[in-house]
Q: 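Structure incoming, see below.
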Amino acid sequence: MNSLTPLIQAEYDRQQQELCLIASENYVSKDILTANGSVLTNKYAEGYPGKRYYAGNNVVDQIENRAIELAQQLFETDYHVNVQPYSGSNANLAAYASILEPGDTILALSLAHGGHLTHGHPVSLTGKVYNFVHYGVNKETEMIDYDEVLALAKEHRPKLIVTGGSAYSMFIDFARFSRIAREVGAWFMVDMAHIAGLVAGKVHPTPFGHADIITSTTHKTLRGPRSGIIFCRPEFKKGVDRAIFPGTQGGPHVHTIAAKAIAFEEAMQPSFQQYAQQIVKNSKALAFRLQQNGFRIVADGTENHLFLLDLRPSPVRGKEAQLLLEQAGIIINMNSIPFDEQSPTNPSGLRFGTPAVTTRGMKEKEMEQIADCVTTVLRDHTSVPAVAETVAQLAKKFRIPGY
Ligand code: DSN
């Protein structure tokens, strides 16, 4: 027992007692928790399998090679795989560094329209080092406007075109992006962090075969440990590996690489495909019920695990809505909606995601219940204690996996 044990227990209790609708969070299995907390954390392994700087890496080499093999099997690809990225953010930075020079132009989806900070937002190092130009979604459809992407690509002649993001609820046409990139002589990168589990579960079109480089986290829909991964066509292997080590990282986190390998193995089970299908069914059911309850959903729905709810007709904005829902035991994040006139610190939207509640075994019926709880809280703030009781009952019935 140490002074942190009660706090870790308290966090376990919080996760157990509340409902998580944060689109980027999930619950890992006991096997993944065990690997991540194993003696592998004791080992330094700078370098790559067969080419380490320190002795004692015979077992580690087998673990890293197995992780690579499983990642290739899972995504049915012969792309080169680097399983060493510590996270999605630095996987992205290394991916850029593997093929670009500082100052080079990159075309990417803007954060305000569903992209990601590391896709060149000015506060991110990526936005300071590279010359980012951003495309957005169409004001009417709130979906990516491929004609706009092509026009911007022709105008700015980027060396790299990036797609993917953290708050875009529709399928992305990777083949179309690839054609645009080819037309302007750019490389094409997909950040599939949010949708990796849906791609693995075959409920989202795959970027493999279209993108030159694919980055991802492993802890969102893919339900692995908190970490990153990069896939690339063989011709980019040397650049990607060097950009990770020694370019942007030191010794890999071997315990996390083992945990990632287990996540890939788990995602190859038929039950994972059912899980991925249910994530999307739940997302659609939650969005539909919220629409029935009178809310507007950005882009009029969802094709994946997440969607944005437009709070503008209601008196509350994102910050207050997030807080009220937290008080009721529903954990969610405020989010900008496209063309938001509010600041990102108190935006006009909420982002809903179903990967975590689906892992707990919830289905469409529970999504309707959750949508009604959200609606009640947002309509009548005095309802928080009553809704908290309903949420607690629901959480008790659907336990989180792990210890
Ligand atoms: N913070 C993650 C998300 O919530 O989508 C992205 O990195």
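Every number for a ligand or one of its atoms is a count from 1 in the order of the listing.
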Q: State whether Phe295 and Arg379 meet the cation-pi test: NZ (Lys) or CZ (Arg) under 6.0 Å from the six-membered ring centroid, and within 45° of the perpendicular axis.
A: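 Yes, a cation-pi geometry holds between Arg379 and Phe295.
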
Q: Report, in ascending order of atom number, the atoms of ligand 1 lying under 4.0 Å from any heavy atom of Ser166.
A: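 It comes down to these atoms of ligand 1: 5 (O).
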
Q: Here's a test for you: under side chain to side chain contact (heavy atoms under 4.5 Å, CB included), which of Leu109, Val162, Asp145 qualifies with Tyr135?
A: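 With Tyr135 as partner, Leu109, Val162, Asp145 yield a single side chain to side chain contact (heavy atoms under 4.5 Å, CB included), made by Leu109.
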
Q: May I ask you to identify, for Arg351, whether its side chain, its backbone, both or neither come under 4.0 Å of ligand 1 on a heavy-atom basis?
A: side chain

Q: Does Asn90 reach the main-chain N or O of Leu93 with its side chain, forming a donor-acceptor pair under 3.5 Å?
A: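 No; judged by distance alone, with no hydrogens or angles, the pair does not exist.
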
Q: Short check: is a protein heavy atom less than 4.0 Å from atom 5 (O) of ligand 1?
A: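 Flag for atom 5 (O) of ligand 1 set to true, protein heavy atom closer than 4.0 Å.
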
Q: Is any side-chain N of the basic residue among Glu11 and Arg14 closer than 4.0 Å to the acidic one's carboxylate O?
A: yes

Q: Show which atoms of ligand 1 fall inside a sub-4.0 Å distance from at least one heavy-atom site of His116.
A: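 The list of qualifying atoms is 6 (C), 7 (O).
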
Q: When you check the side-chain N and O atoms of Lys260 and Ser227, is any donor under 3.5 Å from an acceptor?
A: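 Distance-only check passes for Lys260 and Ser227.
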
Q: Using a 4.0 Å cut-off to any heavy atom of His194, which atoms of ligand 1 qualify?
A: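 Near His194, meaning under 4.0 Å from one of its heavy atoms, ligand 1 has 3 (C), 5 (O).
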
Q: Considering only the protein, which heavy-atom contact is closest to atom 1 (N) of ligand 1, and what is its distance?
A: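 Checking every protein heavy atom, the shortest distance to atom 1 (N) of ligand 1 gives Ser24 OG, 4.5 Å.
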
